[in-house]
Amino acid sequence: MTIAGVLILLICDWMPQFRKIVLLSGVLIPMGLMLIVLSLITTWYEKKADVIDDERTLKIRAHTYMKAFSFSITFAIVLSVLIYSKVLVMDAGSAIMAIFFIMILSSSLLYWYYNRQGDINGE
């Protein structure tokens, strides 16, 4: 972000709307610097996780992400059919965000469910 802000400042003479570009650069440069500082702080003070990856945890994770991926693909297919048949009117950005939201939500809920359930036992 910092590099993008500096580049925008360097080429702002060639571009119209000088004030908007300077304001955009004035936002991008501090955001990039803040991102760098926060990433350095988190890597400096990062504690090791107490979670041990045993066979049960790896099996639950693999099963969870497989089911979440299948669910999100099914959701994407149903969503595309609804949009194609004009039952639902939605732009591409909203559809992609809905699919990502469903993917994240389903993987989190399924991981929580399978972790509470215990071992998967080859389902």
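One-based numbering along the sequence shown. None of these values were measured; they are calculated from a predicted model.
Contact annotation: the side chain of L58 approaches that of R61 to within less than 4.5 Å [non-hydrogen atoms, C-beta and beyond]. A 4.5 Å side-chain heavy-atom check between Y111 and T57 finds at least one atom pair inside the cut-off. Using a 4.5 Å heavy-atom cutoff, the side chains of L109 and Y113 are not in contact. Side-chain contact between Y114 and K67 is present, with heavy atoms from C-beta onward closer than 4.5 Å.
Identified under the side chain to side chain donor-acceptor pair (under 3.5 Å) test for residues 99-109, with sequence neighbours left out: none. The side chain to side chain donor-acceptor pair (under 3.5 Å) analysis of residues 78-103, with sequence neighbours excluded, yields the pairs D91-S94.
For L79, the side chain to side chain contact (heavy atoms under 4.5 Å, CB included) criterion is met by F75, I83, L88, M90, A95, I99, not counting sequence neighbours.
There is a side-chain donor-acceptor pair under 3.5 Å between N115 and R56.
Rounding to the nearest 0.5 angstrom, the gap separating the CG atom in L105 from the CG atom in L110 is 9.0 Å. In this structure, the separation between CD1 on I73 and CD1 on I102 is 13.0 Å, given to the nearest 0.5 Å.
V78 and V87 fall within a single hydrophobic cluster, where Ile, Leu, Val, Met, Phe, Trp and Tyr side chains are chained together by heavy-atom contacts under 4.5 Å.
In terms of heavy-atom proximity, L40 sits nearest to T43 at O-OG1, 3.0 Å.
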